[in-house]
Amino acid sequence: MFPFTLEKAGSTEAAIAAAASGARYIAGGTTLVDLMRDEVERPERLIDINRLPLGDIRVEGEDLVIGALARMAEVAADENVKRLQPLIAESLIEGASPQLRNMASMGGNLLQRVRCPYFRMLDAGCNKRTPGSGCAAIEGLNAGHAILGTSDHCVATHPSDVAVALVALDATMRVQGPQGERSFPVEELFRLPGDTPHLEHTLLPGELIVEIRVPSGPYTRSARYLKVRDRASYEFALVSAAAVLAIEDGVIREARIAAGGVGTRPWRLRACEAALGGRKPDRQAFEEAAQLATEGVRPLYHNAFKVVLLPRTIVRALEMAGEVA
């Protein structure tokens, strides 16, 4: 372990000022501490933000508002979350072990770094860890890697489950930084790797996630999250799908679908959504729409199975959402 300093922030303004001068935020530490132990990350200064008043969960009008420091377990168990946004609760329960859910914050979950094994192997080429060093996963063992949004520089998947649900639900986030506050869709937080995979998000230096806002509507209760993984206990997704359906008079009026485990960021499947509009919620419609998810995809050697598994997962998630519509 390399030496570092740890300070406790007494206010949001103090935390932002420290981060703007080079410090790193730490809350639950469920990702950063591991990376420090593995010497993948070597921050010299950490700012503990757990004292900041950013952990509430509340309803404002028809919106669910989740503080960035709310723990995953708290959000999953909250009655308003389960009532208004069951997709969020379901994705959180699927997302980690109970111990991690008790510690990990919602903001930290969105910003967690990739679980690609080559990212954590200091003797392997990884453009996320060391820009310009190559991507060992492309020619290596890549069954768990992405088939959507990849580049010649990186094929790692984004690991968050709840991020997939938030993207499907058109959630927004509010951040605060040295230049003031701004809000934007959660989907816009995540960058595609392109030729700069070490730049993973769109936050500006010093910016702190303050809250996540999820709009409610009749469709949000007709939603399901389906995760396919190597084992039923704590494990990252091979493929996952968040499906939201608004059905009126036996016809799909609106569909929202996002996928995890297959993209370099949580992947919104708008072509699939558009194909469902005005259709009856039956298996034929679901299968025809789901096939659009992998149209033109060129997988790697070991992860070609995802081209088949992703449409099947989408179909089943849609069927499950239709059952509660």
Side-chain angles (χ1 to χ4, degrees), residues 57 59 62-68 70-96 100-101 104-112 148 157-173 184-190 201 209 211-229 234-246 254-270 272-273 290 293 310 313-314 316-325:
I57 306 166
V59 177
E62 295 187 351
D63 293 349
L64 177 69
V65 182
I66 303 170
R71 271 26 188 189
M72 292 172 61
E74 297 170 343
V75 179
D78 187 86
E79 291 303 320
N80 284 323
V81 174
K82 292 190 289 185
R83 176 174 59 87
L84 296 174
Q85 301 288 354
L87 182 64
I88 293 176
E90 189 171 24
S91 65
L92 286 168
I93 294 298
E94 293 291 314
L100 288 173
R101 292 198 300 270
S105 68
M106 290 293 290
N109 181 280
L110 296 180
L111 294 175
Q112 65 181 298
L148 299 171
T157 57
H158 190 273
S160 174
D161 288 281
V162 73
V164 177
L166 292 172
V167 166
L169 293 167
D170 282 333
T172 61
M173 61 195 310
F184 53 89
V186 169
E187 186 177 9
E188 294 180 6
L189 173 66
F190 309 104
H201 56 73
I209 300 174
E211 65 183 24
I212 301 158
R213 182 175 292 266
V214 191
S216 294
Y219 56 85
T220 58
R221 297 175 183 83
S222 305
R224 292 299 302 271
Y225 183 74
L226 180 61
K227 180 176 181 178
V228 181
R229 45 192 169 179
Y234 168 53
E235 185 60 276
F236 294 96
L238 292 173
V239 173
S240 68
V244 184
L245 288 177
E254 184 176 4
R256 300 182 184 188
I257 309 168
V262 293
T264 51
R265 65 182 185 185
W267 206 264
R268 183 76 177 264
L269 296 166
R270 288 184 169 81
C272 299
E273 296 173 355
L310 175 57
T313 305
I314 293 169
R316 182 58 189 140
L318 287 167
E319 289 178 333
M320 294 164 60
E323 291 168 2
V324 297

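In what follows, every heavy atom counts, from backbone to side chain, and hydrogens, waters and symmetry copies are set aside. The shown structure was predicted, so the numbers you read here are calculated from the model rather than taken from an experiment.
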Identify the two heavy atoms, one from [X] and one from [Y], that lie closest to each other, and give their separation to 0.1 Å.
X	Y	answer
Ala89	Lys82	CB-CG, 4.1 Å
Val65	Glu211	CG1-OE1, 3.4 Å
Arg71	Ser105	NH1-CB, 4.0 Å
Phe190	His158	CE2-NE2, 3.3 Å

Verify, without hydrogens or angle tests, whether [X] (side chain) and [Y] (backbone) share a donor-acceptor contact under 3.5 angstrom.
X	Y	value
Asp78	Asn80	yes
Thr220	Leu84	yes
Arg224	Met320	no

_Intermediate values then yes/no, side chain to side chain contact (heavy atoms under 4.5 Å, CB included), Met173 and Leu166_ = CA-CA 10 Å; Met173 61 195 310; Leu166 292 172; over 6 Å; no
Distance in Å, [X] [atom1] paired with [Y] [atom2], rounded so as to fall on 0.5 Å steps:
X	Y	atom1	atom2	answer
Arg221	Arg83	CZ	CZ	7.0 Å
Leu226	Leu318	CG	CG	10.0 Å
Arg213	Asp170	CZ	CG	14.5 Å
Leu87	Ser222	CG	OG	11.0 Å
Ile57	Met106	CD1	CE	8.0 Å
Leu269	Ile314	CG	CD1	5.0 Å

Can you find a pair of side-chain heavy atoms, one from [X] and one from [Y], that are under 4.5 Å apart?
X	Y	answer
Pro215	Glu62	no
Met72	Leu100	no
Thr157	Val262	no
Ile212	Leu110	yes
Ile93	Arg101	yes
Leu245	Arg256	no

*Check salt bridge (Lys or Arg N to Asp or Glu O under 4.0 Å) between Glu94 and all other residues, then give those that pass, not counting sequence neighbours.*
Arg229
Extract all donor-acceptor atom pairs below 3.5 Å that involve side chains of residues 234-243 and protein atoms in other chains or at least two apart in sequence.
unit_1, atom_1, unit_2, atom_2, d
Ser240, OG, Tyr225, OH, 2.9
Ser240, OG, Gly260, N, 3.2

*No-hydrogen, no-angle side-chain donor-acceptor test under 3.5 Å, Asp161 and Ser91*: no
*For the pair Glu319 and Arg316, find out whether any cationic side-chain nitrogen is under 4.0 Å from an anionic carboxylate oxygen.*
yes
